[in-house]
Amino acid sequence: MRKKIVAGNWKMNNNLNETKKLIKELKNELKGFEFDNTRVIIAPSFVNLQQAVKKTEETKIEVSAQNLHQAKNGAFTGEVSAEMLVDIGIDIVILGHSERRAYFNETDESLALKVKTAIANGLDVIFCFGEQLEDRTSENHFKVVEEQLRNALFGLSSEAYNNIILAYEPVWAIGTGQTATADQAQEMHYFIRNLLAKEYNDALAQEVSILYGGSVKPNNAEEIFSKPDVDGGLIGGASLKAEDFSAIVKSI
Ligand code: PGA
């Protein structure tokens with residue numbers, strides 16, 4: 001049975017003290033929560049990952065990085081390798097977030113390399129993709145999403161999908177308060193699962209968790225998560241408040 005997943009992308013927020021405080025509050029809010037088949041993940045900034053790993057020891061909360069470099073090591077000033085992440089106890093990385101694509105020139109091709117490196121190092125990948133507003137208004141959203149997946153992921157072997165979590169994030173819904181409707185999310189997730197079934201096989205398609213991201217809040221999470229092909233969410237703004245994030249976790 002595929003996993004339900006709620007992941008909090010903290011982006012470039014929270015210094016060390018704020019990181020520790022938010023984790024402490026989250027642990028309190030999630031006391032008694034039955035994790036069963038659910039993964040709860042937080043993604044603080046690189047500099048606070050080590051402390052976050054320490055502070056979540058003996059809890060079921062998992063810690064993810066927000067990026068990595070595809071090379072093993074070398075002259076890449078300012079970058080962080082997969083090995084460095086694994087070394088400090090990280091086993092998940094977010095790749096392909098629309099902010100990385102927009103502000104740091106990440107492309108499907110460079111992301112394909114990053115995904116391969118992450119998987120070769122045993123990391124789970126939360127792979128983000130999604131259309132721009134103009135793609136949706138011109139009704140090209142299915143085509144754009146298919147191309148993103150084809151270019152970045154469809155070179156992978158079936159086994160690699162044991163480490164892949166998909167996160168459909170329509171760019172027009174990120175940080176805008178304008179969430180996709182639950183039906184729009186379901187329609188796209190269904191399309192993606194069919195695509196996986198065609199490209200690989202049905203069993204694989206049924207096992208891959210597909211998260212929705214883009215203005216998920218405590219007041220809309222339940223409806224979005226109730227859809228059969230929506231396996232959870234990637235949460236930005238609302239993951240910065242323990243009360244909101246845990247309310248979203250509890251609505252899974
Ligand atoms: P948001 O961000 O929840 O603030 O819209 C989602 C994301 O960027 O992953």
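Counting convention: from 1, in listed order, for ligands and their atoms alike. Note that the numbering runs from 1 along the sequence shown for the chain.
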**OP:** Could you pull out all residues at least two apart from F35 that satisfy ring pair (Phe, Tyr, Trp, His ring centres under 6.0 Å)?
**Re:**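 With neighbours one apart ignored, the set is F33.
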Original post:
Is it true that I61 and I165 fall in one hydrophobic cluster, defined by side-chain heavy atoms closer than 4.5 Å?
Top reply: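 No, it is not one cluster - the side chains of I61 and I165 are not joined through contacts under 4.5 Å.
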Subject >> Test applied, side-chain contact (heavy atoms from CB on, under 4.5 Å); reference residue, I126; option that passes from L95, I41, V93 >> reply: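 It is I41, the one option of L95, I41, V93 that forms the side-chain contact (heavy atoms from CB on, under 4.5 Å) with I126.
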Original post:
Pairs in or reaching into residues 39-97: which pass ring pair (Phe, Tyr, Trp, His ring centres under 6.0 Å), with residues at least two apart or in two chains?
Top reply: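 Counting only pairs at least two positions apart or across chains, the ring pair (Phe, Tyr, Trp, His ring centres under 6.0 Å) contacts touching residues 39-97 are H69-F76.
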Subject >> Under 4.0 Å from ligand 1, counting heavy atoms only: the protein residues, by chain and number >> reply: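 Protein residues near ligand 1 are N9, K11, H97, E169, A173, I174, G175, G214, S215, L234, I235, G236, G237.
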Original post:
Short question: side chain of S215, backbone of G177 - any donor-acceptor pair under 3.5 Å?
Top reply: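 Side chain of S215 to backbone of G177, a donor-acceptor pair under 3.5 Å: yes, one is there.
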**OP:** Keeping to residues at least two apart or across chains, list the side-chain hydrogen bond (donor to acceptor under 3.5 Å, both in side chains) pairs with something in residues 51-61.
**Re:**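 Sorted result for residues 51-61: empty, none.
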